[in-house]
Amino acid sequence: KQEVTQIPAALSVPEGENLVLNCSFTDSAIYNLQWFRQDPGKGLTSLLLIQSSQREQTSGRLNASLDKSSGRSTLYIAASQPGDSATYLCAANAGGTSYGKLTFGQGTILTVHP
Amino acid sequence: EPEVTQTPSHQVTQMGQEVILRCVPISNHLYFYWYRQILGQKVEFLVSFYNNEISEKSEIFDDQFSVERPDGSNFTLKIRSTKLEDSAMYFCASSGRGNTEAFFGQGTRLTVV
């Protein structure tokens, strides 16, 4: 059974810092991995999707990497801004007969203060 | 930009009552999902739906739950007899053929009293 863990559980940084959020998964046979942002009481916004054959994906100030063999993914946020404050979730997609089924981590709560 | 829409945003129901949560997935998507998030806990998979049938369901998705795609646009989750422990945020998601990037709705907060 896939287990996804995120470290740290919470992170508070001053504006402008570069930061790294970590995600680990127990079953390396994933189809892809997706990073989401969740604002309090709101839905999930997809940030980046990394296919199992890829090593990284970039979108603006966000860069996500994937190392399947070690069961790890990282989300790098450059030049953080107060508007980046949210909970960041990673989710592993099993693929195969479980196509599309996502297993989520518990999230990292990010606070960026001015 | 296309988005997944869910209604209602918040529903309060009495224990034992039936509720139907509604979702309109992105129009050209083929795969549909329901997830839930109990307050302070992880987002959990409930069920996936493709080609008018359930592809996979979790242990949570027991006989009290059912899903339906009654027409070409709506996707519903029915809870037949709600329990207090069904109180959670329920998310609908959809994805397209060959691209499993999942897009989520804003959620329905279900409160069972």
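Using a 4.5 Å cut-off between heavy atoms, L89(A) contacts chain B through its side chain alone, with no backbone atom that close. Using a 4.5 Å cut-off between heavy atoms, Q37(B) contacts chain A through its side chain alone, with no backbone atom that close.
Two residues are said to be in side-chain contact when any heavy atoms from C-beta on lie closer than 4.5 Å; K42(A) and F104(B) fail this criterion. Counting heavy atoms from C-beta on, the side chains of S48(B) and K101(A) never come closer than 4.5 Å.
For D63(B), the CG atom counts as loosely surrounded, since its 6.0 Å shell holds 12 or fewer non-hydrogen atoms of other residues, nucleotides or ligands. In this structure, K57(B) places its NZ atom where only 12 or fewer heavy-atom neighbours from other residues, nucleotides or ligands lie under 6.0 Å away. Residue E85(B) places its CD atom among more than 12 non-hydrogen atoms of other residues, nucleotides or ligands, all under 6.0 Å distant. Environment of CZ in R55(A): sparse, with no more than 12 heavy atoms of neighbouring residues, nucleotides or ligands closer than 6.0 Å. In the displayed structure, K83(B) atom NZ is contacted under 6.0 Å by more than 12 heavy atoms of other residues, nucleotides or ligands. For R72(A), the CZ atom is loosely surrounded, since the number of other residues' heavy atoms within 6.0 Å does not exceed 12.
In this structure, CG in L44(A) is found 4.5 Å from CZ in F91(B), a value given to the nearest 0.5 Å. To the nearest 0.5 Å, atoms NZ (K42(B)) and OG1 (T5(A)) are separated by 5.5 Å.
Under the 6.0 Å cut-off for aromatic ring centres, F104(A) and Y35(B) qualify, their centroids lying closer than that.
Using a distance-only test at 3.5 Å, with no hydrogens or angles considered, no donor-acceptor pair links the side chain of Q106(A) to the main chain of Q41(B).
When hydrophobic residues (I, L, V, M, F, W, Y) are linked wherever their side-chain heavy atoms come within less than 4.5 Å, the members clustered with L84(B) are M15(B), V19(B), L21(B), F32(B), W34(B), L46(B), V47(B), F49(B), I54(B), I60(B), F61(B), F65(B), V67(B), F75(B), L77(B), I79(B), Y90(B), L110(B), V112(B).
Across S46(A) and E101(B), no two heavy atoms sit closer than the pair OG-OE2, 2.7 Å.
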